[in-house]
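Presented below is the structure to which this report refers.
Owing to the predicted nature of the structure, the values given are computational and were not obtained by experimental measurement. Note on naming: letters A, B, ... go to the chains in the order of the sequence lines (proteins, then strands), and numbering restarts at 1 for each one.
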2 protein chains.
Amino acid sequence: MQNKHAFRSKIFKALGHPSRILLVDALLQGARCVCELRELVNADVSTVSKHLSVLREAGVVDCEKRGANVYYSLRMECVRGFLACVDRFNARRAEEHACLLCKGVESQERESKFGE
Amino acid sequence: MQNKHAFRSKIFKALGHPSRILLVDALLQGARCVCELRELVNADVSTVSKHLSVLREAGVVDCEKRGANVYYSLRMECVRGFLACVDRFNARRAEEHACLLCKGVESQERESKFGE
DNA sequence: TGAACATTTGGCAAATTAGCCAAATGATCA
DNA sequence: TGATCATTTGGCTAATTTGCCAAATGTTCA
């Protein structure tokens, strides 16, 4: 029952890296081989391969070998909707932030202090 | 444009820790003060406080001071639906795993090898 | 004001993760 | 078979994250 949270957090942890989110983002549009993904993320192939295996072990993506290439694809479809929500959320936050700025609220304290 | 992925991954990273998922799970049912949450997660209050501030900085939760207490609450509502999906996903995976077991597929190789 | 409680912050050691290189593995094709 | 391409694995250091303790801050209430 405590394992539930370990499972859950494994998935979030897998997605909790800019390069890995970038990879998943690319896979939203369909399967891609490692060499294609490698160009996207600007890193050593071995690094990309390791990121992909983190995603695969978490169950977020799947892979399939075709000839000499390995194609990765999105497995956990609900990531798509959640990402869209996260983006809307961040956009809203950015707006609120801009709004506070133009009202001249002190910039550093704004979001770290408790309202009163 | 590259920042998009940094924003996204910050949220996932915040959720990518068993204790923090546990905290968020508790907040699904409503606001809780740190002292209540502290009992849930078995750790030093300072540790819990730091976990909560990671969640707050990512925008996942909000906090509000009431008297001597600080109450945390869920801010990013779409986490609720995604968690439900993640749980269904994990349950399905567990089933498939059990199913392969009873069919006698070699246990180690099963999910780490490519199908062919 | 001072004692007791709730929470956060600073700082540090231990654990984990990231990213590179080199080497291994597997596939293709001449 | 040997050359070449695609991918993964091992190993190592650097960077980041965790979690505890101690101390600081803020609140309540006598």
Whole angstrom value for the distance that separates P of dA6(C) from CZ of R32(B): 17 Å

Side-chain (E36(A)) to main-chain (C33(A)) donor-acceptor, under 3.5 angstrom: yes

Any donor-acceptor pair under 3.5 Å from R8(A) side chain to N90(B) backbone: no

Closest nucleotide among dT7(C), dT17(D), dT17(C) to the V34(B) side chain: dT7(C)

Protein-nucleotide distance (D44(B), atom CG; dA13(C), atom C1'), rounded to Å: 15 Å

Touch class at under 4.0 angstrom, heavy-atom based, for S53(B) against every strand present: nothing

For atom CD of E36(B) and atom P of dC5(C), their distance in whole Å: 18 Å

Phosphate OP1/OP2 of dG19(D) contacted by T47(B) side-chain N/O (<4.0 Å): no

Closest nucleotide among dT18(D), dC20(D), dG11(D) to the S46(B) side chain: dC20(D)

Residue N69(A), side-chain heavy atoms: nucleotide from dT17(D), dT27(D), dT7(D) that is nearest: dT7(D)

Any H17(B) side-chain N or O less than 4.0 Å from OP1/OP2 of dG19(D): yes

Protein-nucleotide distance (R66(A), atom CZ; dG26(C), atom C1'), rounded to Å: 17 Å

Protein-nucleotide distance (L22(A), atom CG; dA18(C), atom C1'), rounded to Å: 16 Å

Nearest to side-chain heavy atoms of V70(A), which nucleotide of dG19(C), dA6(D), dT8(D): dT8(D)

N/O (side chain, Y72(A)) to phosphate O (OP1/OP2, dT8(D)) under 4.0 Å: yes

Sugar-phosphate, base or nothing in reach of R20(B), heavy atoms under 4.0 Å: sugar-phosphate

K65(B) side chain, from C-beta outward: closest of dT27(D), dA27(C), dG19(C): dT27(D)

5′-ward residue of the pair L52(B)/V54(A) relative to DNA chain C: L52(B)

Under 3.5 Å: donor-acceptor pair, side chain of R32(B), backbone of L37(B): no

Closest non-hydrogen atom pair between S9(A) and I21(B), with its separation: CB-CG1, 4.0 Å

Integer-rounded Å distance: dT17(C) C1' and E57(A) CD: 14 Å

Whole-Å gap separating C1' (dA18(C)) and CG (L15(A)): 17 Å

Within 6.0 Å of CD in E39(B), more than 12 heavy atoms from elsewhere: no

N/O (side chain, K50(A)) to phosphate O (OP1/OP2, dC20(C)) under 4.0 Å: no

Parallel, tilted or perpendicular: rings of H17(B) and H51(B) (30°, 60°): tilted

Residue closer to the 5' end of DNA chain C, H51(A) versus V45(B) (nearest nucleotide): V45(B)

Atom-pair distance (CG on N42(B); P on dG19(D)), nearest Å: 12 Å

